[in-house]
Student: 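Before we start, here is the structure in question, set down as structure tokens.
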Amino acid sequence: MDQGLVTNPKDLERMQHELVSLERRISSLEDDELEVMEKLEEAQRELDQLQQLVAETDERLRVVGATRDEKLAAIDARLQQVQADRGPAADGLPADLIALYDRLREQKGGVGAAALRARACGGCRLTLDSVELTRIKGLPDDEVVRCEECQRILVRTPESGL
């Protein structure tokens, strides 16, 4: 067209229209490309933020896991110590009392006996009424006393309020 090789005016006009149409199409595609590039940059920024968040969360998870493991090890060590201390403390106690305690401990979430302090059961935290306290006060010291509400073994102490 620029060299003047096309002599037919209709062909020349069609080619010019085609050229204008192609230029519009190129412009439209370039605009679309810019939009896609902007979206890509935005998505990349979001991806970077999310990757940073994942890294921070992984680090917190590692720290919390390490803390959990330390505390679990301390609890296990304490449990072994308590179990070792229980042996000599339980020696000499009647077998039926130990069996009752173990059964209650299993049923009551690990607490089979509770201190009776200030007229309240240390297991269920309920205050015993005066009739029950009078009954307990009249029992011999070696008698097994149980809470009427939670059925745990009550251990009488100087702070029992009897």
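FYI, side chains are in, hydrogens and waters are out, and symmetry mates aren't considered; it's all heavy atoms of this structure. Fair warning: this is a prediction, and the values are worked out from it, not measured in the lab.
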Student: Which pairs, with at least one residue in residues 29-47 and sequence neighbours excluded, count as a side-chain hydrogen bond (donor to acceptor under 3.5 Å, both in side chains)?
Tutor: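 The answer is Gln44-Asp48.
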Student: Spell out, as yes or no, whether a donor-acceptor pair under 3.5 Å connects the side chain of Thr134 to the backbone of Ser130.
Tutor: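 A pair under 3.5 Å: yes.
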Student: Show me the donor-acceptor pairs, under 3.5 Å and distance only, between side chains in residues 49-56 and residues at least two apart or in other chains.
Tutor:
{"residue": "Gln52", "atom": "NE2", "partner": "Glu56", "partner atom": "OE2", "Å": "3.1"}

Student: Test Val155 against Val145 for side chain to side chain contact (heavy atoms under 4.5 Å, CB included), laying out the working first.
Tutor: CA-CA 7 Å; Val155 178; Val145 179; over 6 Å; no
Student: For residues 142-153, pull every pair meeting side-chain hydrogen bond (donor to acceptor under 3.5 Å, both in side chains), keeping only residues two or more places apart or in separate chains.
Tutor: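 Qualifying pairs: none.
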Student: Could you check whether any side-chain heavy atom of Leu139 comes within less than 4.5 Å of a side-chain heavy atom of Arg156, counting everything from C-beta outward?
Tutor: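 Result yes, sub-4.5 Å side-chain heavy-atom pair found.
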Student: How long is the gap from OG1 on Thr127 to CZ on Arg119, to the nearest 0.5 Å?
Tutor: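 Here the interatomic distance stands at 7.0 Å.
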Student: Which residue pairs pass the salt bridge (charged side-chain N to carboxylate O under 4.0 Å, His left out) test when at least one of the two sits in residues 12-22, sequence neighbours left out?
Tutor: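 Every pair satisfying salt bridge (charged side-chain N to carboxylate O under 4.0 Å, His left out) with a residue in residues 12-22: Asp11-Arg14.
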Student: Specify the closest pair of heavy atoms between Ala115 and Thr157, including all atoms of both residues, with the distance to one decimal.
Tutor: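 Looking at all heavy atoms of both residues, the closest pair is CB-CG2, 4.3 Å.
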Student: For a 4.5 angstrom cut-off between non-hydrogen side-chain atoms, does Leu154 reach Cys147?
Tutor: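 They are in side-chain contact.
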Student: Output yes when a side-chain donor or acceptor of Thr67 lies under 3.5 Å from a complementary backbone atom of Val63, and no otherwise.
Tutor: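 Here the side-chain-to-backbone pair exists.
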Student: Please set out all donor-acceptor pairs under 3.5 angstrom arising from side-chain atoms of residues 97-109, sequence neighbours excluded.
Tutor:
{"residue": "Asp102", "atom": "OD1", "partner": "Arg86", "partner atom": "NH2", "Å": "2.7"}
{"residue": "Lys108", "atom": "NZ", "partner": "Cys150", "partner atom": "O", "Å": "2.8"}

Student: Is there any salt bridge (charged side-chain N to carboxylate O under 4.0 Å, His left out) pair reaching into residues 57-72, and which pairs are they, with sequence neighbours excluded?
Tutor: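 For residues 57-72, and leaving out neighbouring residues, the salt bridge (charged side-chain N to carboxylate O under 4.0 Å, His left out) pairs sorted by first residue read Glu59-Arg62.
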